[in-house]
2 protein chains.
Amino acid sequence: MDPQAIEISLDAVIIAVTDGSPRVLTVPGADGLPALPSGLLEPQDRTLDTALRRWVREQAGIEVGYVEQLYTFGDRERATGSGRLLSVAYLALVAEESLSESADWRPLYDFFPWEDHRDGRPALIDDQIVPALAAFSARADDPAAYEERAQIVFGTDDSTFDGVRVLERYELLYESGLLEKSPQATRVSPGERPPSKTMALDHRRIVATAFGRLRGKLTYRPVVFELLPSTFTLLQLQRLVEALAGTPLHKQNFRRLVEAGGLVEGTGEHARTGGRPAELFRFRREVLRERPRPGVGSPWIRP
Amino acid sequence: MDPQAIEISLDAVIIAVTDGSPRVLTVPGADGLPALPSGLLEPQDRTLDTALRRWVREQAGIEVGYVEQLYTFGDRERATGSGRLLSVAYLALVAEESLSESADWRPLYDFFPWEDHRDGRPALIDDQIVPALAAFSARADDPAAYEERAQIVFGTDDSTFDGVRVLERYELLYESGLLEKSPQATRVSPGERPPSKTMALDHRRIVATAFGRLRGKLTYRPVVFELLPSTFTLLQLQRLVEALAGTPLHKQNFRRLVEAGGLVEGTGEHARTGGRPAELFRFRREVLRERPRPGVGSPWIRP
DNA sequence: TCTAATAATACTCAGTCTGAGTATAAGTGC
DNA sequence: GCACTTATACTCAGACTGAGTATTATTAGA
């Protein structure tokens, strides 16, 4: 066992939004728990990026478009038998229409139920999490600092809740041992797809990183459109943003911002929607030249 | 030569602001060019973070406070004689007062002169860069896409120039071969500190990554205060933000935003400044609990 | 001591943006 | 034709922003 040997694993957080849920693509992992598609960097891989795409193709049968490097995890004491394992995590986005049926897409809010504020602040936070953190803080090294941290990341209400801090919330809960108390995955034989609140290894942490990053990017780069078909109605767009941001939005104001901001343009075509037909819009690429930081507005993250 | 062998290097971009210039700490590198403090991950390092701090301590004699992982560069074909070299880059911030005299702090705007818009958009951009890019675009695979990209990253004027896109600008210039045409470093014997427009290896690219990240973070997290002594005048704070953002700011409005936003509080003490004495302020930590994304405001990045 | 220069701080004001509505239009299913 | 659904247009008060003017407290030097 050579203590110097280092292996690099590439982990992909592939996100799509279907049926109003942001979802992450998983593959069967250890103990039947869902895992992220991942694989080792091999000598023939010219770049980390190409290696990642190769593994995603092999394991999930998907060609990803938008890809962004997230974070490198190196402090894991995970023994590989031959030394250290570093893991470089990537975020990838795929549009709704290109989902393959066979893939196992898990709703993000199954793993992070405290992140979904579309129907208001989840009762879970103030009923269970906040009291548990308060109880735990007594045992912490520095109770005051711990309580401050808890208040910063969970806020006191939705006006102080910062959607972007997904990772900080996850880590606080993890350190406090609260995640272990959550309903565990029921381990099942391969082939089944049980609902799971957890993931293999530290993959849930990686997903938290990805989710926070995506929420942040939403506000200043037009990444949402990577998750949509080429034409869409404004309500489709709104539901998508709501699903990712975890916040309800005011329909009329959303439309104003997105149209006045030059993010989209009408196609003249209309879609049947169950009510009055909605015009189909497309992403207006020129906005990239016109505005320095085009995205679906900051105000909603802090509502 | 084992093709499987992988080494991990940790590279630190340590930033401070002195005399109105954001500066990066460098050490002597190959060919007498300035380089980032860096070193290899060793088996005894428990985390990437501790390894980084160790190297910074050894090479620069500095204990860094704020540290944030930036990016992992793996596509370098840089041969190490024994295989692949991955490099995990970190951003660290140190306050003005703790600078050690012996260290070699290089102004960031020496490496990226097109980034400093404090006296308006640099003539360099429209006189040299834009025409050169236009000329180059003819030879590009897809001229239209290339020109769009050039316009997006450099904008047409300062209302469309996005300060955060430091890396994108650097990469565009690099790919276009424009950086090689810039005045080269005059290589000198070790010991001297020549002004240099370039850095060893791909370190300039890493610094560009760090600079862009810092500019972004400025607007939604109170990172500026990591770069200041514990008390400071509002003009000091303003000059610091201007130096980093590369933009001039309206004094009265800056004061209003920073005070009304609850980011700082007066100490009652005053400092001699050459004019009317200025009150000394300190960072108001409570703002973290009160506001979800406290920072020195977004509007100035898009002025 | 008086004056100019420097910097800090207070206040104003018009224009824009935001949040929260109301009102109306154009489809569907029955 | 009616109830229902969804889309879209428009309004309005309040907050925030950009760009000033005005006043105050110092220091340097005539």
Side-chain angles (χ1 to χ4, degrees), chain A residues 20 117 120 157-159 219-220 231-242 245 247-281 290-303, chain B residues 20 117 120 157-159 219-220 231-242 245 247-281 290-303:
Chain A
H117 295 226
D157 56 38
D158 269 10
S159 74
T219 66
Y220 63 93
T231 67
F232 45 84
T233 69
L234 292 184
L235 187 58
Q236 257 183 294
L237 177 60
Q238 180 183 341
R239 292 287 177 244
L240 174 57
V241 174
E242 288 175 331
T247 315
L249 302 176
H250 180 115
K251 188 170 183 173
Q252 297 89 325
N253 292 345
F254 179 82
R255 153 182 290 268
R256 175 175 62 190
L257 191 109
V258 108
E259 271 196 290
L263 273 172
V264 300
E265 62 190 355
T267 61
E269 290 175 89
H270 292 261
R272 269 167 284 99
T273 60
R276 171 175 168 174
E279 184 167 9
L280 286 169
F281 288 78
E290 296 163 0
R291 290 173 44 198
R293 315 185 94 187
V296 283
S298 27
W300 309 327
I301 298 283
R302 28 173 178 166
Chain B
H117 294 227
D157 56 37
D158 269 12
S159 74
T219 66
Y220 63 93
T231 68
F232 46 83
T233 68
L234 292 185
L235 188 58
Q236 258 184 292
L237 177 59
Q238 182 183 339
R239 292 288 177 243
L240 175 56
V241 175
E242 289 175 332
T247 316
L249 302 176
H250 180 114
K251 189 171 184 172
Q252 296 90 325
N253 292 346
F254 179 81
R255 155 182 289 267
R256 176 174 63 190
L257 190 109
V258 109
E259 270 196 289
L263 273 172
V264 299
E265 62 190 352
T267 62
E269 288 177 90
H270 292 261
R272 270 168 284 99
T273 60
R276 170 174 172 175
E279 184 166 10
L280 286 168
F281 289 77
E290 297 163 0
R291 289 172 44 199
R293 316 185 95 189
V296 283
S298 29
W300 308 325
I301 297 282
R302 26 172 180 168

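By convention in this document, chain letters (A, B, ...) are assigned in the order of the sequence lines, proteins followed by strands, and residues within each chain are numbered from 1.
- Rounding to whole angstrom units, CZ of residue A:Arg256 and P of C:dA20 are separated by 11 Å.
- The separation between A:Lys251 atom NZ and D:dT5 atom P is 12 Å, rounded to whole Å.
- For A:Leu257, taking side-chain heavy atoms from C-beta onward, the closest of the listed nucleotides C:dT9, D:dA7, C:dT18 is C:dT18.
- Closest to the side chain of B:His250, from the set D:dA7, C:dG21, D:dG20, is D:dG20.
- Atom C1' of nucleotide D:dT6 and atom CG of A:Leu237 are separated by 16 Å, given to the nearest angstrom.
- A:Phe281 has its side chain within reach of A:Leu234: a pair of non-hydrogen atoms, C-beta onward, lies under 4.5 Å apart.
- Expressed to the nearest 0.5 Å, how far CD of A:Glu242 lies from CZ of A:Arg239 amounts to 5.0 Å.
- Each salt bridge (Lys or Arg N to Asp or Glu O under 4.0 Å) pair with one or both residues in residues 265-281 of chain B, not counting sequence neighbours, appears once here: B:Glu265-B:Arg282.
- Under 3.5 Å, the side chain of A:Gln252 and the base of D:dT11 form no donor-acceptor pair of N or O atoms.
- Out of D:dT6, C:dA20, C:dA10, the shortest distance to the side chain of B:Arg255 is found at C:dA10.
- To the nearest 0.5 Å, atoms CG (B:Leu263) and CG (B:Leu237) are separated by 8.0 Å.
- In this structure, B:Leu235 places its CG atom 17 Å from P of D:dT26, rounding to the nearest Å.
- Here the P atom of nucleotide D:dT5 and the CG atom of A:Leu234 are 21 Å apart, to the nearest Å.
- Taking OG of A:Ser159 as the reference point, atom CZ of B:Arg291 lies at 12.0 Å (rounded to 0.5 Å).
- With rounding to whole Å, B:Glu279 atom CD is found 10 Å from C:dT9 atom C1'.
- Whole-Å rounding puts the B:Phe254 CZ to D:dG20 C1' distance at 19 Å.
- Counting to the nearest Å, the C1' atom of D:dT27 and the NE2 atom of B:His270 are 17 Å from each other.
- You'll find the side chain of B:Leu235 stays beyond 4.5 Å of the side chain of B:Thr273, heavy atoms only.
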Each nucleotide in nucleotides 24-30 of chain C should get exactly one letter: B, S or -. Can you fill that in based on protein heavy atoms under 4.0 Å? -BBBS--
